[in-house]
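Below: the structure, in structure tokens.
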Amino acid sequence: MITFKYLITSALPYGSNIPHLGNIIGSVLPADVYSRFLKLDGKECKYVCGTDSNGTPIEVEATKHKVEPSEWVEKKHKEIKKLFDELNLDFDVYSRTDNKNHAEKTIEIYNKLKENGYIYRKDIEILYCPKCEKSLPDRYVKGKCPKCGAEGAKGDQCDECGKLFDSPKELIDYYCSSCKSRPKKKKSEHVFFKLSELEEEIKELLERKREKWPKTTIKITENLLKEGLRDKDISRNLKWGIEIPDKPGQVFYVWIDAPIGYISFSKEIGIEEWWKDEDTKLIQFMGKDNVPFHTVYFPAILKGTREGYVEPERVKSCEFLNYGGGQFSKSNKVGVFLDDAMELYPSDYWRYALIKMYPGKRDREFTWKEFRKMINHDLNDVVGNFVHRTLTFTEKFFESKVPEPDLMERDKEILKAIDETEKKLRDTLGQKMEFNKSIDMVIDLARKTNKYITDEEPWKNKERQKEVTYTSLQVTKALSIYLEPFIPETADKIKKFLGINPEKLEQAKERLEPGHKIKGYEPLFEKIRKKEADKYEEKFKEKNNEKEVEEMKKIPFDQFKELEIKTGKIKNVEKIEKSDNLYKITIDIGKEERTAVAGLKNYYSQEELKDKEVAVVTNLEPAKIMGVKSEAMVLAAVDNEKVSLLKTDKKMKPGTPVE
RNA sequence: UGCGGGGUGGAGCAGUGGUAGCUCGUUGGGCUCAUAACCCAAAGGUCGCCAGUUCGAGUCUGGCCCCCGCUACCA
């Protein structure tokens with residue numbers, strides 16, 4: 001019989017900040033539950049993970065805090081590791097991608113790809129910020145969205161209207177997001193990976209795994225393949241990252257090196273060869289946004305080495321857990337983060353609630369109300385109280401010893417339910433990875449037994465005391481085992497109460513011997529009061545607002561002076577074809593006339609605008625918007641619903657400077 | 001724009017052709033061993049809308065309306 005090796009990975013937490021609840025339930029927690037379950041079932045299983053320590057956001061975050069990226073990552077990595085420890089995530093290795101071992105592995109794989117002809121170079125045009133002295137990835141360029149006119153649209157996509165940009169240069173008045181100055185265009189030679197040549201192999205991979213991967217994973221991958229795979233730019237003009245050996249000054253794109261972390265971390269614990277062992281089952285956990293990297297890019301890279309790496313057996317992706325009507329956001333700090341969480345409640349509270357909320361099928365919302373309900377009702381009332389009453393019976397009726405029963409049909413039914421729960425667990429958790437359902441099965445066992453106790457009334461029916469106590473104790477023991485993958489601290493507590501130390505899933509079927517003495521007990525959980533939950537709801541709402549204020553950046557006066565603002569008189573207004581909101585406006589600014597493209601159509605009619613005297617920025621770099629060259633920018637007060645042009649309150653000559 | 005997911009009693013969800021279910025909440029009752037807990041019962045749904053297939057549809061088909069997500073660096 002083949003003994004499979006189970007290699008569990010979860011998407012690497014990104015080291016720019018502390019993960020939030022969404023990050024936890026998306027990857028590290030389900031992977032932990034799963035690997036704990038496999039280990040409990042006696043499988044050979046390793047869970048590898050680590051901090052993704054490279055890339056721009058970390059560099060940006062470090063700069064913001066005036067430290068070196070290495071220092072920043074060092075700090076965050078330690079914090080994250082400590083928090084994960086508190087959450088009882090049972091990694092076999094939790095490393096990081098900014099160590100030597102990882103860099104070597106990445107370079108080794110890159111060299112293999114190069115040997116096999118999958119690497120080439122090409123010139124591309126990038127944006128470079130002279131002030132920050134660095135090139136800007138799309139997301140770090142901001143500007144006004146040419147479609148909806150929203151300010152602060154990111155270079156890859158406008159958050160307001162969803163418009164996608166091929167290049168951040170499509171933005172009106174684009175600027176560097178960190179220093180607000182105007183980036184310059186620059187040519188740069190980049191390294192490309194011939195992903196297109198591996199398209200067929202990836203398609204074959206998908207076909208092979210069609211039965212095994214979950215539906216969402218398949219869909220996302222199919223979608224990607226439908227559009228056809230394009231070669232991938234794998235280099236970045238950054239300092240912080242793994243330097244490309246034959247391309248000094250450039251580092252690997254983080255998504256190239258990050259998944260390689262799974263391999264390099266495995267190496268650290270001496271199981272690198274699992275990656276080329278056909279008996280290895282690679283099981284990967286991640287949020288849905290990470291799927292392409294695990295079903296397409298990473299497998300393509302591994303295939304490109306021609307070294308027989310294993311394919312992912314299962315790629316479990318999860319939908320998003322949202323907060324306050326939107327997504328949790330690392331960059332905007334919306335929602336509850338792991339450090340907040342661990343300060344407030346015990347690890348098992350979070351583990352339980354998050355698993356229950358596991359967004360397997362659709363996005364879900366984290367609410368404090370629901371959190372409180374889950375803890376108070378499921379954990380406290382059902383599990384906690386069940387264990388407590390069972391142990392009380394044992395103490396009161398039988399001097400803390402397991403009684404010798406004379407089992408009736410009803411008792412046997414409950415005992416049978418213990419064994420059935422194991423089967424259900426294997427199915428819902430082991431096979432189907434339905435996290436929320438699987439923990440429900442376990443809680444149900446306690447629920448069912450609670451009902452049985454109430455029906456049998458052992459406090460009244462003295463002749464039934466033995467059987468009911470015996471049976472409830474067996475259930476309690478089973479719970480201490482079944483709960484372990486989900487809420488290990490609680491499971492351990494119950495084991496201590498009972499004075500046992502089972503380590504395998506099958507042991508749930510072995511009964512506690514009559515005469516066995518229990519060690520003692522205390523309440524397992526404490527309820528969350530309504531006031532408390534309400535307070536936190538308020539608190540984490542406020543947090544948002546603070547953040548917005550923080551984002552307001554001060555600029556030196558000199559920078560302001562660089563802007564040339566003048567009064568101008570609108571001469572002519574034309575609609576721009578195919579545009580929802582744009583006008584082409586001709587403005588008299590004194591010595592000359594300028595053309596401006598402005599998003600005003602939804603707010604002003606052509607007639608209203610004509611002959612208006614307005615404030616105009618006249619020294620912006622011209623930008624082409626919807627095919628029209630815009631050489632000036634009309635200033636206006638902008639709200640979500642209203643837009644009001646700025647104009648002088650006395651009559652001024654067109655072209656008068658504004659200071 | 002394209003793609004995906006979803007719309008089931010007050011809330012959160014399960015349910016892929018055969019009497020509409022679970023947890024919470026509400027109301028009433030039981031019990032009093034236990035952490036004001038536990039147990040029972042009731043009320044509450046024309047399963048988003050329309051048309052079709054079928055002996056029979058929440059479940060299949062077509063159209064429509066809403067919500068949400070993804071669209072290649074937020075799990």
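Below, chains carry the letters A, B, ... as their sequence lines are ordered, and counting in each starts from 1.
- Across all strands shown, the partner of B/C38 is B/G30, judged by Watson-Crick or G-U wobble contacts whose two distances both fall under 3.5 Å.
- Contact between the side-chain N/O atoms of A/Lys373 and the OP1/OP2 oxygens of B/G12 is not found at any separation under 4.0 Å.
- The side chain of A/Leu524 has B/U35 as its nearest neighbour among B/C33, B/U35, B/C73.
- Here B/C24 presents its P atom at 16 Å from CG of A/Asn436, a figure rounded to the nearest Å.
- Tested against A/Phe285, the residues A/Cys49, A/Pro30, A/Cys318 include a single side chain to side chain contact (heavy atoms under 4.5 Å, CB included) partner, A/Pro30.
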With the criterion being N/O to N/O and under 3.5 Å, what pairs connect the protein with nucleotides 3-7 of chain B, and how long is each?
unit_1 : atom_1 : unit_2   : atom_2 : d
B/C3   : O2'    : A/Asn223 : OD1    : 3.2
B/C3   : O2'    : A/Asn223 : ND2    : 2.4
B/G5   : O2'    : A/Lys361 : O      : 3.2

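- Out of B/C38, B/U35, B/C31, the shortest distance to the side chain of A/Glu457 is found at B/C31.
- Across every strand in view, B/U53 sits unpaired, with no contact that passes the Watson-Crick or G-U test at under 3.5 angstrom.
- OP1 or OP2 of B/C13 has at least one side-chain nitrogen or oxygen of A/Arg364 nearer than 4.0 Å.
- If you measure from atom CD of A/Glu370 to atom P of B/C24, you get 13 Å, rounded to the nearest angstrom.
- For A/Lys396 and B/C33, the shortest distance from a side-chain N or O to OP1 or OP2 is not below 4.0 Å.
- B/C39 atom P lies 5 Å from atom CG of A/Asn450, rounded to whole Å.
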